[in-house]
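One structure below.
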Amino acid sequence: MGARVRRAALALDFLDPVVRPVAAGDFACWEFTAQSLYVALFGLQPESFTRIVTNVFDTPQGWKLIAYSTAIGFVFAVVALSISVVSFPLLLDRDGGVPMAVQTSVRAVLANPFTMALWGLIVASILSIGFLLLFVGLAVAVPVLAHSSWHLYRKVVEPAAPLTRQAVE
């Protein structure tokens, strides 16, 4: 078990330079999309926070913004789930690169769309409850989700072939 923990730590160290730019790129893309949608519906930048709230809740364009933002956010969530649902456990379990892990994750989602959609809904619900409990609930929610994600990965992805003595030599 100690070797697996060391390997997991090394995998996370390796992922750090990979995950940061991907997460930053995802956030930048989301921010650009939100800004573009606001400008497309309302024109120029608002002068104040109260003006944003007024625009969003008191105008027909604001309700369009809410609807479009929800749909676009759903697309971002599906993409994030698709590339990560089994890729992180796979990187911890096997030797392989990030592109192979992401490709495997996307294939798993395409092969099991209902199961993965249900899993995404479960994760979102549990995390929402954790946030509603003033973040204290996350102390329970995150470890439970991590353990559950590991079991989902083990059910969805076939186990690696065991190494034979010839393969080791």
Side-chain angles (χ1 to χ4, degrees), residues 11-92 96-146 148-150 152-153 156-157:
L12 291 175
D13 285 344
F14 166 74
L15 278 177
D16 196 46
V18 175
V19 172
R20 280 187 187 163
V22 170
D26 187 40
F27 178 74
C29 192
W30 173 77
E31 185 69 28
F32 175 76
T33 303
Q35 181 70 24
S36 299
L37 183 59
Y38 187 89
V39 170
L41 289 171
F42 293 106
L44 298 176
Q45 296 289 341
E47 304 84 45
S48 66
F49 178 74
T50 56
R51 186 69 188 151
I52 292 173
V53 173
T54 304
N55 284 346
V56 170
F57 293 111
D58 287 344
T59 64
Q61 293 90 354
W63 292 106
K64 285 182 189 177
L65 177 73
I66 292 170
Y68 293 152
S69 297
T70 302
I72 291 168
F74 175 77
V75 171
F76 276 103
V78 167
V79 170
L81 178 72
S82 296
I83 65 173
S84 66
V85 69
V86 297
S87 61
F88 288 111
L90 184 116
L91 286 168
L92 296 175
V98 173
M100 181 269 308
V102 170
Q103 185 180 30
T104 303
S105 187
V106 171
R107 273 192 262 142
V109 171
L110 292 175
N112 305 292
F114 178 76
T115 303
M116 296 301 177
L118 182 61
W119 178 243
L121 184 62
I122 290 169
V123 168
S125 300
I126 291 174
L127 288 176
S128 296
I129 291 168
F131 285 124
L132 289 174
L133 296 173
L134 304 174
F135 299 97
V136 175
L138 293 177
V140 173
V142 171
V144 168
L145 287 173
S148 302
S149 295
W150 176 257
L152 176 75
Y153 158 73
V156 171
V157 178

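- Residue Phe74 places its CZ atom among 12 or fewer non-hydrogen atoms of other residues, nucleotides or ligands, all under 6.0 Å distant.
- Looking at every heavy atom in both residues, Ser149 comes nearest to Pro89 through O-CG, 4.3 Å.
- Thr70 pairs by the side-chain hydrogen bond (donor to acceptor under 3.5 Å, both in side chains) definition with nothing, not counting sequence neighbours.
- Atom OG1 in Thr54 sits 9.5 Å away from atom CZ in Phe49 (nearest 0.5 Å).
- In terms of heavy-atom proximity, Lys64 sits nearest to Leu41 at C-CD1, 4.2 Å.
- Rounding to the nearest 0.5 angstrom, the gap separating the OH atom in Tyr153 from the CG atom in Leu91 is 9.0 Å.
- Exactly one residue among Pro99, Ser105, Ser82 makes a side chain to side chain contact (heavy atoms under 4.5 Å, CB included) with Ser87. That residue is Ser105.
- Residues satisfying the ring-ring contact (aromatic ring centres under 6.0 Å, His included) test with Phe27, not counting sequence neighbours, are Trp30.
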Review item, side-chain donor-acceptor pairs of residues 124-140, under 3.5 Å, at least two apart:
residue, atom, partner, partner atom, Å
Ser125, OG, Leu121, O, 2.8
Ser128, OG, Ala124, O, 2.7

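- Using a 4.5 Å heavy-atom cutoff, the side chains of Asn112 and Trp119 are not in contact.
- Taking all atoms of both residues into account, the shortest heavy-atom contact from Phe57 to Trp63 is O-NE1, 3.5 Å.
- Of all non-hydrogen atoms in Thr104 and Leu90, the two that sit nearest each other are CG2-CD1, 4.0 Å.
- Heavy atoms only, all atoms of each residue included: Phe42 and Leu65 are closest at CE1-CD2, 4.0 Å.
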